[in-house]
Asks: 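Got a structure here, written out as structure tokens. Questions coming.
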Protein chains: 2
Amino acid sequence: MSPTVRPPSFTHKHNHAACIADAIKAAEQCCAQNGTRFTSQRRRVLELIWQSHKPVTAYSLIKSLRKEKENTEPPTVYRALEFLQENNLVHRIESLNAFVGCEHPEKEHRSQFMICNQCDQAMELRNSRRIENAISTEASKLGFAISSSTVEITGICPSCQ
Amino acid sequence: MSPTVRPPSFTHKHNHAACIADAIKAAEQCCAQNGTRFTSQRRRVLELIWQSHKPVTAYSLIKSLRKEKENTEPPTVYRALEFLQENNLVHRIESLNAFVGCEHPEKEHRSQFMICNQCDQAMELRNSRRIENAISTEASKLGFAISSSTVEITGICPSCQ
DNA sequence: AGGGATATGTTATATATTAACATTTTACCA
DNA sequence: TGGTAAAATGTTAATATATAACATATCCCT
Ligand SMILES: [Zn+2]
Ligand SMILES: [Zn+2]
Ligand SMILES: [Zn+2]
Ligand SMILES: [Zn+2]
């Protein structure tokens, strides 16, 4: 069964509770399939990341967690983030030193982001073969063998214009 | 007069002294044209960045400068880097928190980098209209107004294969 | 239940960046 | 040519981001 079709994340008014619920359910499924453990800490960090579509820094996660449990130290969050990244559940936004939930975590994939300077939301492109092909073509012209890519576009999103 | 045609920077053996000399000369011209001051500190930082095609961190620059002058503090380097960035003489590699000399500083431009995991060199693509067009097309399809872009590809460069 | 692998706790440190204010140097003009 | 405002640099301190190293707890399998 394919996931519910939902408006793109830049649509400011949408049923965001459904975004969160879907993300958590998808994470459970991914981890079950990968044979990795979706512990309560990892779940909590993922939930916090999904509170919005704005990338959040590791330290803002630490602050949030400290409201629930004092003495939350950096490694707690960084380990959870490492796990979530390895399991394709979150992406790191390099230009912000921040993290955002993956909007289609079904399998490993390259990602491209559009990040709004106004509302701070990051939208992950779905199936942007156009950009991936352009990069692949350019790389093969040069004889460069790609292993990963970072594509982060900033500007103003449609809802903010 | 157009600049000398030189092998791409990933070619491991090339006359790198010429890279440095060209970069400094271009910087002088850019600053003269912009009416900005290419002071000795800024020149020294740019020279250090151009010691190789590997992006260098701010702290490695501080360490280098301290060999020449003790008490070199972070703001010294960060200010020079800020100036060099504003004048399109260096680029920041977001995924590395590091800086690399711009290979075609003639005018403001978007940049795309291929970064080798083996030799650590970063090559700036010249005139990659293909990638820029793909990004522009994708953005306009979504109604997103671009203000800047970060494209950083990692992998293995031709010389390292 | 035993024992290795995995996850978490804890302390400390490394790395990266910026704020704020003091002093010096430069460019420009009266 | 001296005066002066802007720009650049010096200096101290704080903040932000990330990892190392080792201890303890928990889980999974037999
Ligand atoms: Zn949502
Ligand atoms: Zn927006
Ligand atoms: Zn060179
Ligand atoms: Zn290489």
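To find a chain, count down the sequence lines: A is the first, B the second, and so on, and within it residues start at 1. All values reported here derive from a predicted model rather than from experimental measurement.
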Asks: Under 5.5 Å between ring centres and under 30° between planes: does that hold for B:Tyr78 against the base of C:dT18?
Replies: no
Asks: Using whole Å, what does the distance between atom C1' of nucleotide D:dT11 and atom CZ of B:Arg66 come to?
Replies: 12 Å
Asks: Write down the distance between CG (B:Asn71) and P (C:dT23), rounded to a whole number of angstrom.
Replies: 17 Å
Asks: Using whole Å, report how far CZ of A:Arg42 lies from C1' of D:dT26.
Replies: 12 Å
Asks: Which residue, A:Arg37 or A:Ser60, contacts DNA chain D at a nucleotide closer to its 5' end, judged by nearest heavy atom?
Replies: A:Ser60
Asks: How about A:His91 and A:His109: are their ring centres within less than 6.0 Å of each other?
Replies: yes
Asks: Picking from D:dG10, C:dT8, D:dT12, which would you name as closest to the side chain of B:Lys69?
Replies: D:dG10
Asks: So, is A:Thr39 close to the C:dT8 phosphate, meaning a side-chain N or O under 4.0 Å from OP1 or OP2?
Replies: yes
Asks: Any side-chain donor paired with an acceptor under 3.5 Å for B:Glu94 and B:Thr150?
Replies: no
Asks: What is the distance from CG of B:Leu81 to P of D:dT9, rounded to the nearest Å?
Replies: 13 Å
Asks: Could you tell me whether the side chains of A:Asn97 and A:Thr57 share a donor-acceptor contact shorter than 3.5 Å?
Replies: no
Asks: Check whether any side-chain nitrogen or oxygen of A:Arg79 sits under 4.0 Å from OP1 or OP2 of C:dG9, and answer yes or no.
Replies: no
Asks: Rounding to a whole Å, what distance do you find between B:Arg43:CZ and D:dA8:C1'?
Replies: 16 Å
Asks: Would you kindly give the CG-to-P distance between B:Asn87 and D:dA7, to the nearest whole Å?
Replies: 14 Å
Asks: Measure the distance from CD on B:Glu82 to P on D:dA7 and round it to the nearest whole Å.
Replies: 13 Å
Asks: Indicate whether any N or O donor in one side chain lies under 3.5 Å from an N or O acceptor in the other, for B:Glu132 and B:Gln112.
Replies: yes
Asks: Cation-pi check for B:Phe83 against B:Arg42: NZ or CZ below 6.0 Å from the six-membered ring centre and within 45 degrees of the axis, yes or no?
Replies: yes
Asks: Report the distance from atom OH of A:Tyr59 to atom C1' of D:dT15, rounded to the nearest whole Å.
Replies: 10 Å
Asks: B:Thr36 or B:Asn97: which one's nearest nucleotide on DNA chain D is closer to the 5' end?
Replies: B:Thr36
Asks: So if I take every side-chain heavy atom of B:Pro74 and compare against D:dT11, D:dA8, C:dT18, which nucleotide ends up nearest?
Replies: C:dT18
Asks: Nearest of C:dA27, D:dT17, C:dT11 to any side-chain atom of A:Pro75?
Replies: C:dT11
Asks: From C-beta outward on A:Thr76, which listed nucleotide comes closest to its side chain: C:dT10, D:dA8, C:dA16?
Replies: C:dT10
